[in-house]
Amino acid sequence: MITKRLFFFTLLSIFCVCHSSFSQRKGNTKDSTEVTRLNNLFKIQYKSQPAKSFEYANTALEISKRINFLQGEATAYNNLGVYYKQKGDYDKALRFYKLSFNLYDSLDDKEGIGKSLSNIGNIYSINEDFERALDYYTDAKQIFDELDDIPRLLRILNNIGNIYLDQGQELEAENYYRQVLNIYDQNPEQSTLFDPYSNIGKIYFNRQEFDSALYYFNKSLKKEEASDNKFGISAALVKIARLHNARGGHLAAKNAALDAVDIANAINAKPILLDAYSTLAEVYLHLEDLENSYLYMNQYHIMNDSLFNETSRRAIAELEKSIELEQKEKEIALLRKESEIKDLQYQNSQLYIFGSVAFSILLLALAIISFLKFKQNRKAKSLLEYQNQEILKSKQSIEIQKMKLESWNQNITDSIEYAKSIQEGIMNKNNFKENIPSSFVFYKPKDIVSGDFYWYSRQAGCDILALIDCTGHGVAGAFMTVIANATMNQIVNEEQEIEPHKILAKLDIKVMEILKQKEVTTSNHSMDVALCKIDYDRKLVTFSGAKRPLYVVEHNKLKEYKGNNYTVGEYFNSPDKKFTFQEIDFEKNQTFYLSSDGFADQFGIKTQKKYLRKRFKSLLESISNKSLPEQGKSLELEMKRWQGEMEQTDDMLVIGFRVL
């Protein structure tokens with residue numbers, strides 16, 4: 001009797017456990033309906049009202065966890081991944097997408113699995129891990145093909161096209177984009193499908209077929225406006241702004257980019273804001289509005305710099321090493337636990353067979369023992385699953401941080417490379433070498449871009465040549481060179497001022513006005529200048545300098561003409577400045593040299609000391625009899641010998657020329 005009662009109690013307990021588990025999986029009907037409603041509201045409003053849609057997804061997740069509604073929890077995780085991806089927080093987005101995938105996989109939900117695979121591929125694509133992204137896209141495409149899910153199939157084909165375009169395979173990318181457009185054109189439910197026009201427009205833009213590109217960008221904008229997709233609208237406006245800027249329509253580009261900034265700011269879309277700031281900086285540069293160009297370029301770098309710095313990179317590298325060691329230890333423990341589980345399962349099986357054959361009276365005891373063993377195994381398995389999840393989380397965190405660092409570093413490098421092309425264009429545009437063929441330029445930036453540059457113009461039959469050494473180097477110094485170039489163009493080319501000392505006086509005032517030096521009296525944004533006017537009618541070189549000299553070598557003897565002992569654009573140290581000038585008559589066998597301080601300040605690999613001006617002047621005397629191109633090569637060889645493997649300390653610029 002007792003045995004029967006125990007046996008019945010065991011069966012009843014098992015039934016209750018199973019019923020409880022089933023109920024938890026399905027969730028309370030009323031609450032699960034609310035979860036479904038909230039998740040659907042997210043899908044409807046995440047493009048137009050991202051902040052509100054975040055509340056929907058977060059509430060749906062909380063309710064789903066409380067009632068153990070796994071389907072609703074998986075959808076809420078996916079929706080939160082979409083939200084953070086739109087914001088540009090790719091670390092959180094990937095974490096939520098993978099949580100969503102794990103739940104969909106446990107439910108064997110094909111549609112959810114395909115959706116999660118596609119979203120995970122998007123994050124890897126954004127971080128330029130194209131091989132891994134393509135793997136996820138291919139798996140997702142196979143599922144959407146099986147389900148005949150046209151909207152998601154279109155997105156996957158489009159994303160695969162993006163992969164090929166990012167890898168420079170333009171024809172392969174266009175093939176996928178055309179497939180998307182053909183399916184879109186043949187589908188009667190176009191309003192439910194995503195924008196197929198933007199990427200076709202990018203292909204035409206890359207080919208500089210601007211009319212065709214604008215046609216598709218405008219179609220993209222209209223579609224996004226029709227669906228009230230704020231992210232899509234602002235992204236389309238940035239593309240249109242870049243196109244107008246590329247074809248010379250700078251005012252139209254400015255208006256489109258400013259509209260994009262307003263919309264992206266409202267929804268906190270940082271990736272779109274970065275593109276818009278970069279575009280506006282370039283547009284205002286073309287419009288010669290240096291103040292606004294500086295403002296937007298500064299905003300661009302502030303946003304980038306807030307996400308990336310050298311300290312965090314070292315910290316993450318240290319963390320990655322420690323996590324790898326911890327992961328190996330946990331993997332060893334996991335293997336040991338799996339072996340223990342197998343041993344326990346084998347023991348349970350043997351005990352069950354032995355008990356069944358030997359004594360039916362021990363059936364209940366065996367059931368109790370088996371149940372206790374099952375609980376023990378389940379506890380051990382739960383512990384292993386928890387440890388495994390912790391390992392995966394640690395690994396995922398490292399992977400995301402690594403991808404973000406690589407992506408940010410590439411973005412910064414791309415921006416600086418673009419600035420380099422602008423700076424080189426400024427110096428090459430003035431045709432200095434063509435108009436003074438007996439010349440050389442030794443130019444060696446410390447970083448990709450430089451704070452040193454030269455400027456040239458021909459006015460009233462005279463050559464005006466300036467060497468300008470701006471405060472700092474790298475991006476900060478390079479931006480100062482843009483200001484200096486634009487200001488020199490205004491003073492000499494527009495205002496027709498050709499006297500060196502007057503040019504310096506005007507340059508000093510204008511630079512202080514642009515940088516508001518009189519308002520921020522502790523800053524030091526300035527430039528040292530060596531400026532020459534070559535008057536061929538009077539056979540005279542007129543020189544004025546701001547902390548930079550002019551060297552003249554004749555018959556292997558060097559004479560130094562010093563400039564004034566204050567710099568251009570600096571207010572708080574010397575507010576009352578008066579620039580002077582010196583005149584040098586043309587003579588045969590004369591060679592004129594202008595230089596920044598970078599060559600003389602470079603440390604040597606053997607001496608660990610600076611090259612110094614005395615040694616530099618002796619070098620100029622020793623090479624002055626050579627042709628000008630050979631002198632430039634001699635400077636380069638001497639610096640390689642002196643510097644060796646030492647780090648370069650500053651930008652270097654030396655100009656040499658002859659007038660007879």
To the nearest 0.5 Å, how far apart are [atom1] in [X] and [atom2] in [Y]?
X: Phe42; Y: Lys52; atom1: CZ; atom2: NZ; result: 14.0 Å
X: Phe144; Y: Leu153; atom1: CZ; atom2: CG; result: 8.5 Å
X: Leu80; Y: Tyr46; atom1: CG; atom2: OH; result: 13.5 Å
X: Asp166; Y: Phe130; atom1: CG; atom2: CZ; result: 4.0 Å
X: Asp89; Y: Arg95; atom1: CG; atom2: CZ; result: 9.0 Å
X: Tyr300; Y: Leu295; atom1: OH; atom2: CG; result: 15.5 Å

*Kindly indicate, with the supporting measurements, whether the criterion ring pair (Phe, Tyr, Trp, His ring centres under 6.0 Å) is fulfilled by Tyr284 and Tyr296.*
CA-CA 9 Å; Tyr284 278 117; Tyr296 283 105; 5.8 Å; yes

*What do you reckon, are the aromatic ring centroids of Phe479 and Tyr294 less than 6.0 Å apart?*
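Here the rings of Tyr294 and Phe479 have centres that are less than 6.0 Å from each other.
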
Determine whether more than 12 heavy atoms belonging to other residues, nucleotides or ligands lie under 6.0 Å from atom [atom1] of [X].
X: Gln142; atom1: CD; value: no
X: Glu291; atom1: CD; value: no
X: Glu288; atom1: CD; value: no

*Could you check Tyr137 against Asn122 for side-chain hydrogen bond (donor to acceptor under 3.5 Å, both in side chains), going step by step and ending with a plain yes or no?*
CA-CA 8 Å; Tyr137 286 156; Asn122 289 341; 2.6 Å; yes

Identify whether the distance between the nearest side-chain nitrogen and carboxylate oxygen of [X] and [Y] falls below 4.0 Å.
X: Arg207; Y: Glu170; value: yes
X: Asp145; Y: Lys141; value: yes
X: Asp149; Y: Lys110; value: no
X: Glu225; Y: Lys222; value: no
X: Asp228; Y: Lys230; value: yes

_Selection residues 61-85 - residue pairs positive for salt bridge (charged side-chain N to carboxylate O under 4.0 Å, His left out), sequence neighbours left out_ =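 For residues 61-85: Asp31-Arg66.
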
*Test Arg37 against Glu34 for salt bridge (Lys or Arg N to Asp or Glu O under 4.0 Å), laying out the working first.*
CA-CA 5 Å; Arg37 185 184 73 86; Glu34 176 63 10; 2.9 Å; yes

Donor-acceptor under 3.5 Å ([X] side chain, [Y] main chain):
X: Ser125; Y: Gly121; result: no
X: Asn229; Y: Phe231; result: yes
X: Ser64; Y: Ala60; result: yes
X: Thr279; Y: Arg242; result: no
X: Ser227; Y: Glu224; result: yes

*Between Arg132 and Asp135, is a salt bridge (Lys or Arg N to Asp or Glu O under 4.0 Å) present by the stated rule, with each step listed?*
CA-CA 5 Å; Arg132 189 175 297 182; Asp135 288 341; over 6 Å; no

*Residues Asn199, Val180; criterion side chain to side chain contact (heavy atoms under 4.5 Å, CB included); working and verdict*: CA-CA 10 Å; Asn199 287 326; Val180 172; over 6 Å; no

_Beyond-backbone contact of Phe205 with Lys239, side-chain heavy atoms, under 4.5 angstrom_ =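 No. Closest side-chain heavy atoms not under 4.5 Å.
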
*asked:* Are Ile63 and Leu38 packed together at the side-chain level, in the sense that at least one heavy-atom pair is separated by less than 4.5 angstrom?
replied: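 The answer is yes, as the side chains (C-beta and beyond) meet within the 4.5 Å cut-off.
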
*Would Arg247 and Gln208 count as a side chain to side chain contact (heavy atoms under 4.5 Å, CB included) if you check the C-alpha gap in whole Å, the side-chain angles of each, and the deciding distance to 0.1 Å?*
CA-CA 9 Å; Arg247 71 193 311 182; Gln208 297 187 357; over 6 Å; no

Give every donor-acceptor pair under 3.5 Å between a side-chain atom in residues 249-257 and any protein atom, sequence neighbours left out.
residue : atom : partner : partner atom : Å
His250  : ND1  : Asn245  : OD1          : 2.8
Asn255  : ND2  : Leu251  : O            : 3.4

*Derivation and outcome, side-chain hydrogen bond (donor to acceptor under 3.5 Å, both in side chains), residues Asn162 and Tyr177*: CA-CA 9 Å; Asn162 289 342; Tyr177 294 154; 2.4 Å; yes

Name the atoms and distances for all side-chain donor-acceptor pairs under 3.5 Å in residues 212-220, with sequence neighbours left out.
residue : atom : partner : partner atom : Å
Asn218  : ND2  : Leu214  : O            : 3.3
Ser220  : OG   : Asp195  : OD2          : 2.5

*What residue among Asn79, Thr59, Asn78 forms side-chain hydrogen bond (donor to acceptor under 3.5 Å, both in side chains) with Asn39?*
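Looking at Asn79, Thr59, Asn78, the match for Asn39 under the side-chain hydrogen bond (donor to acceptor under 3.5 Å, both in side chains) is Asn79.
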
*Test item: side-chain donor near acceptor, Asp105 and Asn102, under 3.5 Å*: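 No, no side-chain donor-acceptor contact under 3.5 Å.
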
*Please work out which of the three classes, parallel, tilted or perpendicular, describes the rings of Phe54 and Tyr84, given edges at 30° and 60°.*
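Answer is perpendicular, since the angle exceeds 60°.
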
